[in-house]
There are 2 protein chains.
Amino acid sequence: MPQDSNEKQRERGSGLGKVSGKQRVTMQDIARIAGCSQSTVSFVLNANTSVKISEPTRRRVLEVARELGYRPASLPGLNRNRGRSEGTIAFVIDKISTSPEGIVALDGVRQIARNLGAIVLVAETDGDPMLEPRTLEMFIEMGVQAIIYACIFTREVTLPNALAETTIPVVLLNCYTPDGQRPAVVPGEIAGGHRATAALLAVGHRRVGTITGEAFMEATRDRLQGYRNALATADIPFAPELVVEGDWSASAGYRGTQQLMAFDQPPTAIFCQNDRMAVGCYEALKEMGKRIPEDISVVGYDDEEIARHLSPPLTSLILPSRAMGRWSVERIMQGDTESDDAGALVKLECELVERDSIAPPPEAG
Amino acid sequence: MPQDSNEKQRERGSGLGKVSGKQRVTMQDIARIAGCSQSTVSFVLNANTSVKISEPTRRRVLEVARELGYRPASLPGLNRNRGRSEGTIAFVIDKISTSPEGIVALDGVRQIARNLGAIVLVAETDGDPMLEPRTLEMFIEMGVQAIIYACIFTREVTLPNALAETTIPVVLLNCYTPDGQRPAVVPGEIAGGHRATAALLAVGHRRVGTITGEAFMEATRDRLQGYRNALATADIPFAPELVVEGDWSASAGYRGTQQLMAFDQPPTAIFCQNDRMAVGCYEALKEMGKRIPEDISVVGYDDEEIARHLSPPLTSLILPSRAMGRWSVERIMQGDTESDDAGALVKLECELVERDSIAPPPEAG
DNA sequence: GCGCGGTGCTAATTCCGATTAGCCAAAACG
DNA sequence: CGTTTTGGCTAATCGGAATTAGCACCGCGC
């Protein structure tokens, strides 16, 4: 009876477009569009090596699968009723235990997720080349709603295959891809370096030293860039000798400070590009009998717990970890509706926390 | 052919008992044992109301399903090869961000899990009465291999339903049930309090004050118990006035110390039941012009980061968080083979870290 | 004693996706 | 030039679970 068949078709087809498209995307659908059999789709999607699939076919299948937003329908027939891992967001990070930032970012994620009733699943991969893909694949198979891929150090990453190929929303936190394949958030380090330096310039300092992190790290480059920008803005020529390379450690701060203070014209302020180095800086200055901030001003970066407990309390910049976490979730949610400019790299501001380690330079009164 | 059928049965049945029983438990299996059809099992397990099932049948099915440890086999054909969430351990904790212990415990878990190639999934529930069960159920449905249920404060818990009912291994970390339904690890706080006090008694102190946490907390009770035991062991009568109730905060340590030192016969040593209170204790003592450890000895507890940075460095006790994490995973693994004494409550030792805050009492020379 | 409806269940079907076996054509080989 | 190999793919089938349709039985009113 043709009418029956028509009716069935209509029923099936009606969900096309938006309307929460009743029908799940199945391997059959992909096969039809990609012009191959369901089996082939199965092989491709499972990367089953027991059967060879040509590269073009493989790609076509992958392409279509992505376009249709295929997901293993997860369960056999259960697809429709039980939403296994619906409402869950995966937070995958390389290292979470070593520094507080990861945890703070996670906290931001959880705050927002909580409001939405979403469960946040966390996995730490140590950047392990075996563990990480396995973890990501597992999350995807599991059917999480979105993945937040975070790095403990701000850096460029090549998107893991699993993430490059998946159709579920992915947000990069504290890392980004060169081609902006996925939305990403990082701290505005250049602006931060600028702000830290400007805070010193604002009260009259003209010779501002800085102790950087390791040269190869982006945070170092960017914070230094901000430092230079601030000097330029204030029409102060950049003096290379006032830049000392450190390695984020307290002892590097100690040595760097000694080096800076040994000049005939030592700086009247030091911008330590993280708080741990500021600790070493404090120590060196106190050994020299210098008072902070009367004799010399200091600014840190990262606003770690210790900044509050130094004497005097250290002016520092807050890494927007929590805000990045929040942004990620918000981005995921809005992505549901408007997912056009997928590849925007967003930078969030590093706020300045003014404490008592800055004062006008001695001469400037 | 009866032989064939026999063979098949043998094949199926062979996995009974240990031997990792190849075959997954299917609805068919449940149906056979419960004496009904697969459909019926499906209806019962999905609480599908479109078909009526009598209460006795329903219960029988549920019972059998529980006994066999039924799990939705998850995927359609995937059952055999791909272990979706096989090799994953769920770590569910109430609060992880607020204090380092949770993270350290997690780290211990991950260390061991890593060696086994297992992925650790973390979820923080805030102890939320809605979120927690949802999270646990999700993990169970997801098919994780085991669940570690952790609390940030040592305490007795009533096992969430999801955990009480599930057949997958569950370990309690830093909490336990009164009836020992599941294996559990907690720190040996009584022994710890004993050890802290004994360290003071060993160098000659006879009047040892202590500042406790909040009275309702188990850690407080146990550490105090250890303190009393140590006194008793050294044949020193317990003096109630030397016990001051605090609340774990630095200011409680400060006030408690003032209170203790106001006696005609002030103590020559103070056991602060956590490091934060020891910070307040140090402060109070310094204000009074007392030297540590020459005039008065101090012991902390928890060995937080700050203990190392006090002046003089504080002798403290390490919470065995990492060890508890490790123990949990090991327990899970051995549970595969020998799962008899399920309900053992294991206490792990709190190690004493000797630094420079203990010396013999002034008079005792 | 006969339809009638409800309860409790099952047989049969269906769905998604994995897997096996094997087809076909092009490449390599003799 | 015929034969074997092998790369690339599909048809057919299978398995777990949901679902539809409907069967058997029981009590009930007439």
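Bear in mind that the values here come from a model prediction, so they are computed numbers and not experimental data. Numbered from 1 within each chain, the chains take letters A, B, ... in sequence-line order. When reading the values below, keep in mind they use all heavy atoms of this one structure, side chains included, and skip hydrogens, waters and symmetry mates.
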Q) Using 4.0 Å as the upper bound for N to carboxylate O, is an ion pair formed by B:R110 and A:E124? A) yes
Salt-bridge present (A:E55, A:R59; N to O < 4.0 Å) | yes
Interatomic distance where [atom1] belongs to [X] and [atom2] belongs to [N] [whole Å]:
| X | N | atom1 | atom2 | result |
| --- | --- | --- | --- | --- |
| B:R58 | C:dT7 | CZ | P | 17 Å |
| B:K52 | C:dT7 | NZ | P | 6 Å |
| A:I53 | C:dT19 | CD1 | P | 14 Å |
| B:M27 | C:dT14 | CE | P | 20 Å |
| A:D29 | C:dG17 | CG | C1' | 13 Å |
| A:F43 | C:dG17 | CZ | P | 14 Å |
| B:Q28 | C:dT10 | CD | C1' | 12 Å |
| A:R60 | D:dG8 | CZ | C1' | 11 Å |

[X] side-chain proximity, nearest of [options]:
| X | options | answer |
| --- | --- | --- |
| B:C36 | C:dT19, C:dT10, C:dG8 | C:dT10 |
| A:T26 | C:dG17, D:dG8, C:dT10 | C:dG17 |
| A:T40 | D:dT10, C:dC16, C:dC9 | D:dT10 |
| B:T57 | C:dC9, C:dA11, D:dA12 | C:dC9 |
| B:S39 | C:dA11, D:dG8, C:dT20 | C:dA11 |
| A:Q38 | D:dA12, C:dT10, D:dA18 | D:dA12 |

### Query
Do the side chain of A:R134 and the main chain of B:A118 share a donor and acceptor less than 3.5 angstrom apart?
no
C:dA11 base / B:S37 side chain donor-acceptor hit below 3.5 Å: no
(Q) Applying a 4.0 Å non-hydrogen cut-off, can you work out what B:V41 is touching in the nucleic acid: base, sugar-phosphate, or nothing? (A) nothing
May I ask you to say what A:S54 touches in the nucleic acid, namely base, sugar-phosphate or nothing, with a heavy-atom cut-off under 4.0 Å? sugar-phosphate
d(B:D94 CG, B:L131 CG) to nearest 0.5 Å is 11.5 Å
Taken to the nearest 0.5 Å, the spacing of B:L121 CG from B:I89 CD1 works out to 10.0 Å
When A:G35 and B:S42 are each assigned the nearest nucleotide of DNA chain D, the 5'-most assignment goes to A:G35
